[in-house]
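Beneath this line is the structure, given in structure tokens, with notes to follow.
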Amino acid sequence: MTKALDAEYRSIIESLEGDREGRELARRAIDCSTAVYHGRVVDTLYAPKLWDAPTVRLLRQAAETTHAILCKAVRRYREDPSYRAPFGFDPELERLICLDPGYPQPIPMARVDIFLNEETGAFKFCEFNTDGSSAMNEDRELGDALALTPAYQEMARRHHIAPFALFDPFVTEFATVYRSFVNAVDNPHVAIVDFLDVTTPNEIEIFRRRFAAAGYECRIIDARALSYARGALTDEDGWRVDAIYRRAVTSDCLAHRSEIDDLVRAYEDHAVCLVGGFATQVAHCKNIFEVLRLPASSEMLTADERRFVEEHVPYTTRLDLPGTDLDQLVAEREQWLIKPSNSYGADSIFAGCTMTDDEWRRVLADHQGMGYVLQEFAPLYATPNLQQGREPGQPINPEWADYHNLTGLYLYNGHFAGTYSRASRQKLISDAYGGATALSLAVDPEPDAPALREGGLV
């Protein structure tokens, strides 16, 4: 699939004797950029992920099939009380999920993360992220930085290459969802809502600018700063909010439930269009992997969808099920990982392959009854790359090394919009384990490919 393109790009870098000048140039650009996560510039890789047209077709089909399946699960949850038990949500979350959002799209925004074998096209899911899906700005800034380099420019002379547009297409699809809202108004005021002490401020500011460029009055507002009275949801200045792009993940909303009561009441009354509604938690929680394999899910899926689930959804079960055999899990530790069912940001994930038998046994025992799931450890696909360095001023590593890959598939209103690429030398691909962002590029795309940008600000 993409292996020949990877080899071509590497040969260009090597023909430039490692393209040291380009790497330094890109590094300086990233150091001065808005690609900041938790207060520091993100770690990056120099060689991009190169998706040819057949791979983009495969990724689009995978993403949109996943969306269709997850939407069926959300609808079934809301309509059928018997379907809800395996999720284990508390009564308030269940109530919020079952509220009618006032529009038909169950999952307006998602990023589906997969472990893709780039030679065969086989893949397994890692997780489904919904409303708080992020990292668009990392990809944008890295694209602008690498476009300055000799290696990128030589590849661009040989092929039509372009990063994915991950901002403007969302604004377009957000507007489509809003127009289907039961109480839609002309020229709505749009708020991007999160808990601003934990958000990614640079990224949501780019979204605010893109909403403004599309003609919307748009503000960034903390979820706790909204007030609801006389049928209107307003911010601290009395500015009316008609539509919300919800970046606040559901677990954070529940942690601050008493502080966002005005937002919830406005949502209940259809006084505001919340894109997306709380029902997206059905797809976001890790228990969905277990539920999708149950007979109750199989019966609502088509034959093709059932095969898709069987092939791509890793076996998952609750860690605290009666009869869990810890001795067997220790003996098979390389095959398993555990993760909390309702977290985000790759937080508190433990993989048996990274531990000794005693360490793994202790982790399994310590997390019994704490809302963790046990999941099959998916095969990882590694490709050679060059690390740019973690902190400003840190020397660039000149050596190629193998990095395990994770591919995120963005979905806006059910339509595939592009990819996010992350990789790590270790077998857990997260910031805590040295994960780094790689630019995603479409190479010689087909006419109906997702919207692409040629570089620069979207």
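Owing to the predicted nature of the structure, the values given are computational and were not obtained by experimental measurement. Residue numbers run from 1 in the order of the sequence given.
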- Message: I'd like to know whether Tyr9 forms a side chain to side chain donor-acceptor pair (under 3.5 Å) with Glu154, so could you lay out the CA-CA distance, the side-chain angles of the two residues, the decisive distance to 0.1 Å, and finally the verdict.
- Response: CA-CA 9 Å; Tyr9 204 96; Glu154 173 59 28; over 6 Å; no
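- No donor-acceptor pair under 3.5 Å is formed between the side chain of Asn129 and the backbone N or O of Ala110.
- With hydrogens and angles ignored, the 3.5 Å screen pairs a side-chain donor or acceptor of Arg293 with a backbone N or O of Val313.
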- Stepwise salt bridge (Lys or Arg N to Asp or Glu O under 4.0 Å) test for Arg158 and Glu8: CA-CA 10 Å; Arg158 302 183 185 187; Glu8 182 178 1; 3.2 Å; yes
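- In this model, a donor atom of one side chain and an acceptor atom of the other lie less than 3.5 Å apart for Arg422 and Tyr420.
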Which pairs would a plain distance check flag for residues 96-103, meaning a side-chain donor or acceptor within less than 3.5 Å of a matching protein atom at least two apart in sequence or in another chain?
{"residue": "Asp100", "atom": "OD1", "partner": "Gly102", "partner atom": "N", "Å": "2.9"}
{"residue": "Tyr103", "atom": "OH", "partner": "Leu274", "partner atom": "O", "Å": "2.5"}
{"residue": "Tyr103", "atom": "OH", "partner": "Gly277", "partner atom": "N", "Å": "3.1"}

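- We find the CG-CD distance between Leu146 and Gln153 to be 10.5 Å, quoted to the nearest 0.5 Å.
- Note that CZ of Phe278 is 15.0 Å distant from CD of Glu94, once rounded to the nearest 0.5 Å.
- Rounding to the nearest 0.5 Å places CE of Met136 at 14.5 Å from CZ of Arg210.
- Two rings, from Tyr245 and Phe170, have their centers less than 6.0 Å apart.
- Interatomic distance, NZ of Lys427 versus CZ of Phe377, reported as 6.5 Å (0.5 Å rounding).
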- Message: Show, in sequence, the C-alpha distance, side-chain angles and deciding distance for Arg76 and Asp80, and conclude whether the salt bridge (Lys or Arg N to Asp or Glu O under 4.0 Å) test is met.
- Response: CA-CA 6 Å; Arg76 180 69 176 272; Asp80 182 358; 2.9 Å; yes
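- For the residue pair Tyr403 and Gln387, a side-chain donor N or O sits within less than 3.5 Å of a side-chain acceptor on the partner.
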- Task: Start with the C-alpha distance between Trp400 and Ile13, add both sets of side-chain angles, then the distance that settles side chain to side chain contact (heavy atoms under 4.5 Å, CB included), and finish with yes or no.
- Result: CA-CA 11 Å; Trp400 291 88; Ile13 293 173; 3.8 Å; yes
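- Aromatic pair Phe115/Tyr381: centroids not less than 6.0 angstrom apart.
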- Task: Start with the C-alpha distance between Tyr83 and Leu294, add both sets of side-chain angles, then the distance that settles side chain to side chain contact (heavy atoms under 4.5 Å, CB included), and finish with yes or no.
- Result: CA-CA 10 Å; Tyr83 192 71; Leu294 297 178; over 6 Å; no
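- Residues passing the salt bridge (charged side-chain N to carboxylate O under 4.0 Å, His left out) test with Glu14 are Arg10, sequence neighbours excluded.
- Checked against ring pair (Phe, Tyr, Trp, His ring centres under 6.0 Å), His270 has no partners two or more places apart in sequence or in another chain.
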- Yes or no on side chain to side chain contact (heavy atoms under 4.5 Å, CB included) for Thr200 and Asn137, after CA distance, side-chain angles and deciding distance? CA-CA 9 Å; Thr200 48; Asn137 192 48; over 6 Å; no
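- In this structure, the separation between OG1 on Thr199 and CG on Asp194 is 3.5 Å, given to the nearest 0.5 Å.
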- Query: How far apart are the C-alpha atoms of Asp52 and Thr2, what are their side-chain angles, what is the distance that settles it, and do they pass the side chain to side chain donor-acceptor pair (under 3.5 Å) test?
  - Reply: CA-CA 6 Å; Asp52 59 13; Thr2 64; over 6 Å; no
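- The minimum heavy-atom distance linking Lys124 with Pro379 is given by the pair CG-CD, 4.3 Å.
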- Query: Does the pair Glu376 and Thr316 meet the rule for a side chain to side chain donor-acceptor pair (under 3.5 Å), with working shown?
  - Reply: CA-CA 6 Å; Glu376 168 192 356; Thr316 306; over 6 Å; no
- Message: Using the rule given for side chain to side chain contact (heavy atoms under 4.5 Å, CB included), can you reason through Cys126 versus Ile114, listing the C-alpha separation, both sets of side-chain angles and the distance that settles it, and then say yes or no?
- Response: CA-CA 5 Å; Cys126 172; Ile114 64 172; over 6 Å; no
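- For the residue pair Asp113 and Thr407, no side-chain donor N or O sits within less than 3.5 Å of a side-chain acceptor on the partner.
- Side chain of Arg208 to backbone of Ile192: no donor-acceptor contact under 3.5 angstrom is found.
- A donor-acceptor contact closer than 3.5 angstrom is absent between the side chains of Asp242 and His189.
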- Message: Between Lys3 and Glu118, does the salt bridge (Lys or Arg N to Asp or Glu O under 4.0 Å) criterion hold? Intermediate values first, please.
- Response: CA-CA 7 Å; Lys3 194 171 184 179; Glu118 296 170 24; over 6 Å; no
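- Cation-pi contact between Arg84 and Tyr77: present, with separation from the ring centre below 6.0 Å and deviation from the ring axis of at most 45°.
- Aromatic ring centres of Phe167 and Phe207 lie closer together than 6.0 Å.
- The backbone N or O of Arg240 lies less than 3.5 Å from no partner atom in the side chain of Thr234, so there is not a single donor-acceptor pair.
- More than 12 non-hydrogen atoms from other residues, nucleotides or ligands lie less than 6.0 angstrom from CD of Glu205.
- Counting heavy-atom neighbours within 6.0 Å of Glu17 CD, excluding the residue itself, gives a total of 12 or less.
- Remark: the Arg246 side chain and the Thr280 side chain contain an N/O donor-acceptor pair separated by less than 3.5 Å.
- Annotation for Ile161 and Leu441: closest pair CD1-CD1, 4.2 Å, computed over non-hydrogen atoms.
- Between Asn413 atom CG and Thr172 atom OG1 the span is 10.5 Å, to the nearest 0.5 Å.
- Heavy atoms only, all atoms of each residue included: Arg23 and Gly18 are closest at CD-O, 3.6 Å.
- In this structure, His284 has its ring center no closer than 6.0 Å to that of Phe128.
- Thr437 approaches Glu138 most closely through the heavy-atom pair OG1-OE1, 2.6 Å.
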- Query: Could you walk me through whether Thr419 and Trp51 pass the side chain to side chain donor-acceptor pair (under 3.5 Å) check?
  - Reply: CA-CA 10 Å; Thr419 70; Trp51 305 129; 2.9 Å; yes
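- Comment: Arg219 engages Asp235 in a salt bridge, judged by a side-chain N to carboxylate O separation of less than 4.0 angstrom.
- In Asp197, the CG atom is crowded: over 12 heavy atoms of neighbouring residues, nucleotides or ligands sit closer than 6.0 Å.
- Ring centroids of Phe164 and Tyr410 are separated by 6.0 Å or more, keeping the two rings apart.
- In terms of modelled atom types and a separation under 3.5 Å, the side chain of Asp43 and the main chain of Ala436 share no donor-acceptor contact.
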- Query: salt bridge (Lys or Arg N to Asp or Glu O under 4.0 Å) between Glu127 and Lys339: does it pass, once the steps are laid out?
  - Reply: CA-CA 11 Å; Glu127 63 182 4; Lys339 57 178 72 172; 5.0 Å; no
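- A distance-only check finds no donor-acceptor pair linking the side chain of Gln426 to the backbone of Leu428 [under 3.5 Å].
- Smallest separation of non-hydrogen atoms from Ser180 and Pro104: OG-CD, 3.4 Å.
- Counting all heavy atoms, side chain and backbone alike, Ser440 lies closest to Ser421 at OG-OG, 2.8 Å.
- In Lys72, the NZ atom is crowded: over 12 heavy atoms of neighbouring residues, nucleotides or ligands sit closer than 6.0 Å.
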